[in-house]
Asker: 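Supplied in structure tokens, the structure appears directly below.
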Amino acid sequence: MMVLTKKMIEIRNILSKVGQSSTLTLPSIVVIGSQSSGKSSVLESIVGHEFLPKGSNMVTRRPIELTLINTPGIDAEYGEFPDLGLGKVSDFSSIQRTLTELNLAVPDSECVSDEPIRLSISSPNVPDLSLIDLPGYIQVVGQGQPLALKQKISELCDKYIQAPNVILAISAADVDLANSTALRASRRVDPRGERTIGVVTKMDLVDPVRGSSILNDKQYPLRLGYVGVVSRIPTTAGLFKKGNANLTSAIAKNENSYFSAHPLEFGPGADVSVGTTTLRKKLMHVLEQTMSASLQSTSDAIQQELEEATYEFKVQYNDRPLSAESYLAESLDAFKHSFKQFAGDFGRPQMHELLKNELDQRVLDLLAARYWNKPVHDLSIPIPEPDNLADLPKADPDSPFWHRRLDASTSSLTKLGVGRLATNVVATSIQSHIDRLINQSTFVNHPFAQQAITEAASSILNDRFYSTSDQVENCIKPFKFDIDMEDREWAHGREHVQGVLKKELDACEGAMKGLETTVGGRRKLKEVMTFVDKARKGDVIIEGESSSGAGGFSAALLAKGREAVFLRDRADIIKMRMLAVKSKQCANMKNKYHCPEVFLDAVASKLASTAVLFLNVELLSEFYYNFPRELDTRLGRHLSPEQIETFAREDPKIKKHLEVIRRKELLELVLEKMQSLRQLEGLERERAKQN
Ligand code: GDP
């Protein structure tokens, strides 16, 4: 028969994973009693080990859901805390320590907590039982304990002693049963005494005649009766220290000698139940009966719950199967697909454009520094300037001055560290494209995966960075000494640089507009600019750089004025240079000293094209090859099932979807087990009939 209980307890444990619904569970035996009634001693005599928290200061603060699993044939008995992941603990004093810690973790201010501690004990010496140990009722509130404590414990117990659970009400023989808190509590929820087992402890402390009469109590009759026990560890304690598996039999022996010494009161003729062994048998029998009795209603409840889950799965999720693994795999596939598309669109032309844009900026900086430089910033030092800006292109092209200027500019350009710059520009761009792909993918809701992908990209890029930049630097080396330019390249440079200048001009004019708005209008800005111009020529004098300003303008306004003058001059020069570049003179490469813009642009293009050849081989192709593999490693093979589960649950929608499926699967599993249980039960009944 007992195999049924084991199976039902197994089902009970699966159900506890489904959720906290009181109808969705099988009954258990709930142990209640006042403090010091001997509750722990009774439980330990059943388990055969000392394992419950001991101490004077309210040591049981949480319910302990204790599952005993009869496991024949194992050498070492062990306990497991399924929620802690500690594995099998075969040292019972260690179980006791863990339980004490878990209980003491409940803050004093809360006193007790509803959250159960789950513990299972497997041993060949325990019966299959499911027991719930609750905090002991307290009579008097102790020092430092809040008044509400008594109430809180009582409420917690009330929650558990509801039907269909069996109540194991512990009372001590040396306390009048009328004063037993446990019996009073049980009476409230089980007035006819249908599902309460009375345990009377400390039978050795009262006169045997009185003890016997307690067990025959007629004042509080219980259908399941009373059992008298002596569950104290015998005083020859040396033998029965912690960890001794014979605790049960030692207690039984001690009890036997006590009860058999009083055959009149406790012998077969006395019609009373005594002894821990009797109690164990009773518990097993009652639990099995009770569980069997609620099998049908529980199974109906599960069936209904399953129907609800199935409906939700259909309506909300269109019956779409999903697992954390499949979700990850699909997300990864989709991401790799979008990456493949990106890889098809991002190649040499795109890299060239990126790099050329960057070099255009450098060319502009060089031109500004070496050709367009007019020190207009420092107002306190008026500097004479050429009367006519148009002097510049007219400068004598044969003068070594202009030769040196262009050579120095070219050299600055080729030596600015193109290798690093180019590699950096491309790597940064790839990284930001990857970020964009992440943001467009399902991974956007998964911080963990985002980080894994970003790191996959950066690890490859970092790995290749130095060798790539060295290679690029090497291959542009010849340009540092000699630049061989073709007409076609010149013509292209001339064309292109006009666009660059135009963009720069637009930027200057845009900034000028911005300044106008900040100072409060065009006229205002003009006034300040006129003043700044005069100051520059020395027509007005600004005494030092005072913070209070000058000429009726605040310092802040003067600063804006200076900026505007700079922008205006820059724009004037650019316009002039645009004309120069367009002029016939600049159409011919021979006049390169007249046309530094065109020459430097053409050089920049050569640098970009050469760099891109190597970037393509050294960086881009490598990246395209390695990135998907790196993704597989970081988001595939290397993840544990727990990590995959955590990943999938980061997305609340996916989490809900997964939960519905899990619930459905668990309920199906339980139903299946219940069906086979019923068949088993039927067989047992048949067999019983035949015998
Ligand atoms: P709990 O507070 O209800 O868990 O009670 P304990 O099991 O810790 O027992 C309280 C005290 O009563 C301890 O000192 C036990 O040794 C003692 N005790 C428990 N059962 C018996 C018993 O059957 N006979 C005697 N004489 N003492 C017992």
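In each ligand, atom 1 is the first atom listed, and ligand 1 is the first ligand listed. Quantities reported herein were computed from a predicted structural model and do not represent experimental measurements. All residue numbers refer to positions in the sequence shown, counting from 1.
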Asker: Is there a side-chain contact between Val229 and Val274 in this structure, where contact means two heavy atoms from C-beta onward sitting under 4.5 Å apart?
Answerer: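 With C-beta onward as the side chain, the pair stays apart.
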Asker: Looking at ligand 1, would Gly33 count as a contact under a 4.0 Å heavy-atom criterion?
Answerer: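 Gly33: no contact with ligand 1 (<4.0 Å).
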Asker: Please check whether Lys39 reaches ligand 1 - meaning an N/O of the residue sits under 3.5 Å from an N/O of the ligand, judged on distance alone.
Answerer: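 Yes; at least one N/O pair falls below 3.5 Å.
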Asker: Could you establish whether Gly136 and ligand 1 come within less than 4.0 Å of each other, counting only heavy atoms on the residue side?
Answerer: no
Asker: Number the atoms of ligand 1 from 1 as they appear, then name those within less than 4.0 Å of a heavy atom of Val230, with their elements.
Answerer: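 Close to Val230: 23 (O).
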Asker: Would you mind telling me if ligand 1 is within reach of the side chain of Leu205, the backbone, both or neither, using heavy atoms under 4.0 Å?
Answerer: side chain
Asker: Check ligand 1 against Ser40 and write out every atom of the ligand that is under 4.0 Å from a heavy-atom position of the residue.
Answerer: 1 (P), 4 (O), 7 (O)
Asker: Are Ser34 and ligand 1 in contact, using a heavy-atom cut-off of under 4.0 Å?
Answerer: yes
Asker: Can you list the ligand 1 atoms lying under 4.0 Å from a non-hydrogen atom of Asp204?
Answerer: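 The list of qualifying atoms is 22 (C), 23 (O), 24 (N), 25 (C), 26 (N).
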Asker: Ligand 1 and Ser41, any nitrogen or oxygen pair closer than 3.5 angstrom?
Answerer: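 By distance alone, the answer is yes.
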Asker: Taking the six-membered ring for Trp, are Tyr317 and His657 parallel (under 30°), tilted (30 to 60°) or perpendicular (over 60°)?
Answerer: parallel
Asker: Return the CG to CD1 distance between Leu168 and Ile161, rounded to the nearest 0.5 Å.
Answerer: 12.5 Å
Asker: Evaluate Lys54 for polar contact with ligand 1, using N/O atom pairs at a separation under 3.5 Å.
Answerer: no
Asker: Is a salt bridge present between Glu659 and Arg649, judged by a nitrogen-to-oxygen distance below 4.0 Å?
Answerer: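 Between Arg649 and Glu659 there is a salt bridge, with a charged N closer than 4.0 Å to a carboxylate O.
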Asker: With side chains defined as the heavy atoms from C-beta onward, is the minimum distance between Ile74 and Pro124 less than 4.5 Å?
Answerer: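 Side-chain contact under 4.5 Å: yes.
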Asker: Within a radius of less than 6.0 Å around CG of Asp176, do more than 12 heavy atoms belonging to other residues, nucleotides or ligands occur?
Answerer: yes
Asker: My understanding is that only one of Lys6, Glu10, Glu80 makes a side-chain contact (heavy atoms from CB on, under 4.5 Å) with Ile69; could you say which?
Answerer: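 Result for side-chain contact (heavy atoms from CB on, under 4.5 Å) with Ile69: Lys6.
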